[in-house]
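Structure, as structure tokens:
Worth saying up front: this structure is predicted, and the values here are computed from it rather than measured. In what follows, every chain begins at residue 1, and chains take the letters A, B, ... in the order their sequences are listed.
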There are 2 protein chains.
Amino acid sequence: MPRTRRIPVPPWRDTPQRLQVLRALAARPGFSSAKLLHARMAADGCEVGLSTVYRALAALVEAGQADVVRDDNGERLFRHRGEEQHQHYLVCRHCGFALALDTDEIETWADRIARESGFADVRHTVELAGVCTECSAGPL
Amino acid sequence: MPRTRRIPVPPWRDTPQRLQVLRALAARPGFSSAKLLHARMAADGCEVGLSTVYRALAALVEAGQADVVRDDNGERLFRHRGEEQHQHYLVCRHCGFALALDTDEIETWADRIARESGFADVRHTVELAGVCTECSAGPL
DNA sequence: CAAGGCTTGGCAATGATTTTCATATCAAAT
DNA sequence: ATTTGATATGAAAATCATTGCCAAGCCTTG
Ligand SMILES: [Zn+2]
Ligand SMILES: [Zn+2]
Ligand SMILES: [Zn+2]
Ligand SMILES: [Zn+2]
């Protein structure tokens, strides 16, 4: 199974479309799907192909300017990487209620791993999922 | 977006197919895709529909007898939940080389979060990805 | 045996993401 | 300004894991 990914490597050309995608992404507070961004941009009168949105997002992720997670349906959600540090959550599998976590501990742990391993550009995904008290109380 | 999942809840009927799936899953050392399990079982002369494999796996996950993760392609990988504790890895984004991590720290952290939050049946996903020394050295 | 309810499995449908490919754009070189 | 080779775009088609559908089979109860 050869890794078949061909992503443009920085520096790329500065195209209006890519700037638009970056802008649209940065304009969103949390994570957004490519589809949503595409729709948003279209609504703003900015016609950009869905393929291009995907390509731009992939490039942004590759360049470390965006984070990406998967929701329960396997859909990828993107978020612009600003200065503000990221956050991890404990989400309820049933109602979707999300509890923000104090993640200093894992952050330092992840940093240490990154340092000791010699790996470059290490990113991490930490997701906790359970059933909230409310949902475990009332069945259905 | 209504969660549209209809998964048989334990206890279900004990069908040969479900036992086969469980067996096949337990027989594998690490994580396996539904497709692979299906192929494996077929190779062993056990004819089980792919849909059934998916249903059985979903039920096993629901019942806490299996863990599930997503690989980089969004494919779901399943693993039987035995007594042995699970493992986390730091994988290379380019060559796929995986480094097993000492995860005691996060395990206890996750356990504490689970306890303090009051959430039930808390599972966690911890994935680190970077570029290994080898790959960052020789650029393609 | 009959009725009703789970289960199964092949196949179609879904839907996100990728690939294709013809075209457009860019930037450097002539 | 024109040429040229590389790169970017986007519409449509392809990919592919996963799910929906549904007729047929199996099990249990009466
Ligand atoms: Zn809940
Ligand atoms: Zn973190
Ligand atoms: Zn590598
Ligand atoms: Zn763990």
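- B:Leu77 and B:Leu57 sit in two unconnected hydrophobic clusters of ILVMFWY residues. Membership requires side-chain heavy atoms under 4.5 Å apart, directly or through other members.
- Regarding contacts with the backbone of D:dA8, every side-chain N or O of A:Gln17 stays at 4.0 angstrom or more from both OP1 and OP2.
- Proximity of B:Arg28 to B:Leu36: side-chain heavy atoms (C-beta onward) are separated by under 4.5 Å at one or more points.
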Atom pairs, protein N/O to nucleotides 5-7 of chain D N/O, distance under 3.5 Å:
unit_1: D:dA6; atom_1: N3; unit_2: A:Arg13; atom_2: NH2; d: 3.1
unit_1: D:dT7; atom_1: O4'; unit_2: A:Arg13; atom_2: NH2; d: 3.0
unit_1: D:dT7; atom_1: O2; unit_2: A:Arg13; atom_2: NH1; d: 3.3

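- Within the structure, every side-chain polar atom (N or O) of A:Ser33 is placed at least 4.0 Å from both OP1 and OP2 of C:dA16.
- Side-chain contact between B:Ile113 and B:Val122 is absent, with no heavy atoms from C-beta onward closer than 4.5 Å.
- For C:dC11, its base sits under 3.5 Å from the side chain of B:Ser51 at one donor and acceptor pair at least.
- A:His124 places no side-chain N or O within donor-acceptor distance of the main-chain N or O of A:Ala110, the cut-off being under 3.5 Å.
- Regarding A:Leu57, its CG atom lies at a distance of 10 Å from the P atom of C:dT17, rounded to whole Å.
- In this entry the distance linking CG of A:Asn73 with C1' of D:dC16 reads 16 Å, nearest Å.
- The CG atom of B:Asp71 sits 10 Å away from the C1' atom of D:dA17 (whole-angstrom rounding).
- In this structure, the nucleotide among C:dT8, C:dT18, D:dT18 sitting nearest to the side chain of B:Glu75 is D:dT18.
- Contact annotation: A:Lys35 side-chain N/O to C:dA16 OP1/OP2 distance is under 4.0 Å.
- Across C:dT17, D:dA17, D:dT18, the shortest atom-to-atom separation from the side chain of A:Leu50 is found for C:dT17.
- For C:dT18, the OP1/OP2 oxygens have no side-chain nitrogen or oxygen of A:Tyr54 closer than 4.0 Å.
- Interface remark: the A:Thr52 side chain does not form any donor-acceptor pair with the D:dA8 base, using a distance-only criterion of under 3.5 Å.
- Residue A:Arg76 places at least one side-chain N or O closer than 4.0 Å to OP1 or OP2 of C:dT18.
- Sparse packing is recorded around CZ of A:Arg40, with 12 or fewer heavy atoms of other residues, nucleotides or ligands lying under 6.0 Å away.
- DNA chain D lies under 4.0 Å from no heavy atom of any residue of residues 19-29 of chain A.
- Summarising the geometry, the separation between CG on B:Leu77 and C1' on D:dC16 is reported as 15 Å, rounded to the nearest angstrom.
- Under the 4.5 Å side-chain heavy-atom criterion for Ile, Leu, Val, Met, Phe, Trp and Tyr, B:Val53 and B:Val69 are members of distinct hydrophobic clusters.
- Contact check on A:Glu127 versus B:Arg70 returns no salt bridge, with no Lys/Arg side-chain nitrogen under 4.0 Å from an Asp/Glu carboxylate oxygen.
- Considering only side-chain atoms of A:Val48, the nucleotide from D:dT9, C:dT18, D:dG10 that sits closest is D:dG10.
- B:His38 places none of its side-chain heavy atoms less than 4.5 Å from the side chain of B:Lys35.
- Between the side chain of B:Asp71 and the backbone N or O of B:Asn73 there is at least one donor-acceptor pair closer than 3.5 Å.
- Computed from coordinates, the A:His38 NE2 to D:dA12 P distance equals 12 Å when rounded to whole Å.
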Candidate pair B:Arg18 and B:Arg55, rule side chain to side chain contact (heavy atoms under 4.5 Å, CB included), full reasoning: CA-CA 9 Å; B:Arg18 284 171 184 170; B:Arg55 286 187 284 240; 5.9 Å; no
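- Contact annotation: side chain of A:Arg55 to base of D:dG10, donor-acceptor pair present below 3.5 Å.
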